[in-house]
Amino acid sequence: MAAEVKAWLEGEGHGSVFLDFDPEVGIPAGRSWEQELYRQLRACRAVILVCSEHSMSSRWCFAEITHARSLGKPIFPLKVDGCEVDPVLTDRQIIDLTSDRERAFERLARGLALAGIDAANPFDWDGSRPPYPGLLCFQEKDAAIFFGRDKEVGRGLDLLHQVRRYGGAGLLLVLGGSGSGKSSLVRAGMIPRLRRDRDNWLVVDPFRPGEEPWESLAAALATAFERAGEAGDRKDIRRRLEAGPGPEADGGEPLVELARDLRQAAGQTEATVLLVVDQFEELLAHPDGHPSADFLARLREALEDPRAPLLAVATLRSDFLGSFQKNRAIGGIPFRDFLVGGMSVEALTEVIVKPAELAGLDMEQALVQALLEDTRTEDALPLLAFTLRELYELATADSTSLGVSEYRDRLGGLQGSVARAAEGLLEVRPLTGEQEEELRGAFLGMVRMDEDGHFARDALSWNLLSESAHEW
């Protein structure tokens, strides 16, 4: 029966199905079967359990079930004979294969889709956006062209599912160096999959705190209410947030009350509302009196409320973790975290090759190798992203192939591509001495330093820039 289920999954388009006794993808000869099973449980997106008299009486199957539950994995029990299903699974909807098998497999397909594991309905790329975003962050609509971070996406989803199920921490920090791709991972990797899991998650659009965190949060919540079919008054939401607990909310934190209201409006009364705070370091190391202190204190109160249907995921530069932990308003809050580190050669190859395949472009193997050789350090990822976008622009203008000669001769390699773009712009629009000073001041205004000497991005109002800087 397990082999039949595996064949059905592969027929539905699921390309990575592990079955321990399978001669091709199962446990290799000579390897510790126990360690391999636990490794596969950690890596998988879901567990399909074939419930039979034999499996329900097996201590090892019971151990696998409890381990999968502790990891927060979705579990789909399939009853294949007259066995009594173990009580540990009675909180799950059992799929009965002993009668109407076609209907049972339809239910399994729907359950997998609701859990965000839908091979028959992958994320679509419609061609209206470039397959390589360049220096821009990947967005939710770029899910189809976001490659190379499957393990990190799975890790983030597992942690959120664990927190939702077992509690203990209302905040998940996605850590990584500047340019490591934290924001893209959350926006294009995690959020699209959580959106599909409507039974469990109601995702509020990501927001950057900037100089006015209450305004940023209010705008994100207003959009969420509008998506749920209810008018979202941004000004009213901000007023409620800033007013704090009061009689109107029965003394409760307004953010918690808004989360409950949002669930009702969306018809997702059992879902957890997920806030997504991008570039959390923008809230840290501000002077006394800045609204970020009150924002952080109130966010902490909401996330620590055990009755709140609310969790948050935030991207944070890893060198700001110390500042986060020492911050008077938020430091000490229980949180989970995982690090977005460097990418393997295999992952980088996907980043380079897969989007080109979607766009119908041919890529020379020599070009792939040259890009891999030039992208040896983590801080080279933004340069790779920019260069791939430049190569794409050349290809769409001239041909349908990407070659190493364009990369070396026309762009000047990874480092040369950025310099070429900047020099080309300055040739067309040379700067006067006064314009150079104005732009230098604008760039410096987008950076600040915390008490530990770390540089952080800072939001700069467009109105504070000179008219000359606006032109650039």
Side-chain angles (χ1 to χ4, degrees), residues 45-46 72 74 112-119 121-126 128-129 131 133 136-164 169-176 180-209 216-217 219-228 232 258-259 262-263 265-266 268 270-280 282 299 303 309-316 335-340 351 355 385:
R45 294 286 312 283
L112 289 169
L114 290 174
I117 311 168
D118 189 359
N121 184 24
F123 299 107
D124 294 325
W125 180 71
D126 61 7
S128 64
R129 292 168 65 83
L136 298 176
C137 172
F138 281 82
Q139 301 297 328
E140 186 175 344
K141 61 184 68 174
D142 295 318
I145 56 171
F146 183 70
F147 294 101
R149 289 293 193 185
D150 288 349
K151 291 183 179 179
E152 291 84 353
V153 169
R155 174 64 173 156
L157 295 176
D158 286 348
L159 287 172
L160 282 175
H161 286 305
Q162 289 175 34
V163 171
R164 184 181 187 275
L171 176 65
L172 171 64
L173 290 180
V174 181
L175 303 171
S180 60
K182 306 178 295 298
S183 297
S184 295
L185 171 68
V186 173
R187 290 173 180 263
M190 295 171 61
I191 289 178
R193 289 160 176 83
L194 292 168
R195 290 253 198 237
R196 288 182 167 182
D197 190 0
R198 286 179 51 85
D199 288 346
N200 293 318
W201 299 102
L202 200 172
V203 184
V204 178
D205 285 353
F207 68 95
R208 284 182 56 176
S216 299
L217 174 57
L221 287 170
T223 300
F225 275 102
E226 290 169 2
R227 182 180 287 118
L258 283 162
L262 181 58
R263 293 202 307 178
Q268 296 173 248
E270 299 300 320
T272 296
V273 176
L274 183 69
L275 297 181
V276 184
V277 188
D278 197 8
Q279 300 188 28
F280 199 84
E282 292 182 350
L299 176 65
L303 294 177
L310 187 70
L311 291 175
V313 59
T315 64
L316 178 71
F335 68 91
R336 302 289 297 273
D337 67 279
F338 75 98
L339 181 66
V340 180
V351 169

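Along the sequence shown, residues are numbered consecutively beginning with 1. Just so you know, these numbers use all the heavy atoms, side chains as well, and skip hydrogens, waters and symmetry mates.
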Quiz item: At their closest point, which heavy atom of Ala259 faces which heavy atom of Pro309, and how far apart are they?
Solution: CB-CG, 4.3 Å

Exercise. Check whether any side-chain heavy atom of Thr272 lies under 4.5 Å from a side-chain heavy atom of Asn200, and answer yes or no.
Key: no

Quiz item: Hey, what do you get for SG (Cys137) to CZ (Arg208), rounding to the nearest 0.5 Å?
Solution: 9.5 Å

Quiz item: Distance from Asp337 atom CG to Leu175 atom CG, nearest 0.5 Å?
Solution: 5.0 Å

Quiz item: Do the side chain of Gln268 and the main chain of Trp201 share a donor and acceptor less than 3.5 angstrom apart?
Solution: yes

Exercise. Please tell me if the side chains of Leu185 and Phe338 come closer than 4.5 Å, counting only heavy atoms from C-beta onward.
Key: yes

Practice problem: Determine whether Ile191 and Val186 make a side-chain contact, defined as any pair of heavy atoms from C-beta on separated by less than 4.5 Å. | Solution: yes

Quiz item: Residues in side chain to side chain contact (heavy atoms under 4.5 Å, CB included) with Val163, at least two apart?
Solution: Leu311, Arg336

Quiz prompt | Leu275 side, atom CG; Leu217 side, atom CG - distance, nearest 0.5 Å | solution = 6.0 Å

Practice problem: For residues Ala266 and Leu202, report the shortest heavy-atom separation together with the two atoms involved. | Solution: CB-CD1, 3.6 Å

Practice problem: Write down the atom of Leu171, the atom of Ala314, and the distance for their closest heavy-atom approach. | Solution: CD1-CB, 4.2 Å

Quiz item: How long is the gap from CD on Glu282 to CZ on Phe280, to the nearest 0.5 Å?
Solution: 11.0 Å

Quiz prompt | Residues forming a salt bridge (charged side-chain N to carboxylate O under 4.0 Å, His left out) with Arg164, sequence neighbours excluded | solution = none

Practice problem: Could you tell me the separation between the CG atom of Asp278 and the CG atom of Asp205, rounded to the nearest 0.5 Å? | Solution: 12.0 Å

Self-check item: Test applied, side chain to side chain contact (heavy atoms under 4.5 Å, CB included); reference residue, Leu316; option that passes from Val277, Leu173, Val174
Solution: Leu173

Quiz item: How long is the span from the CG atom in Leu310 to the CG atom in Leu299, to the nearest 0.5 Å?
Solution: 7.5 Å

Practice problem: For Lys141, check side chain to side chain contact (heavy atoms under 4.5 Å, CB included) against everything at least two apart and list the hits. | Solution: Arg129, Gln139

Self-check item: Smallest separation among heavy atoms of Met190 and Leu160, with atom names
Solution: CE-CD1, 3.6 Å

Practice problem: Start with the C-alpha distance between Val340 and Arg149, add both sets of side-chain angles, then the distance that settles side-chain contact (heavy atoms from CB on, under 4.5 Å), and finish with yes or no. | Solution: CA-CA 9 Å; Val340 180; Arg149 289 293 193 185; 3.5 Å; yes

Quiz prompt | Arg195 (side chain) donor-acceptor with Val203 (main chain) under 3.5 angstrom | solution = yes

Quiz prompt | CZ/Arg198: more than 12 non-hydrogen atoms of other groups inside 6.0 Å | solution = no

Quiz item: Looking at side-chain heavy atoms only, is the closest gap between Phe138 and Ile145 below 4.5 Å?
Solution: yes

Practice problem: For Arg196 and Pro192, indicate whether the former's side chain and the latter's backbone hold a donor-acceptor pair under 3.5 Å. | Solution: no

Quiz item: Quick one: are Val276 and Phe207 in side-chain contact, heavy atoms under 4.5 Å?
Solution: no

Quiz item: Side chains of Asp199 and Glu270: does their closest heavy-atom pair fall under 4.5 Å?
Solution: no

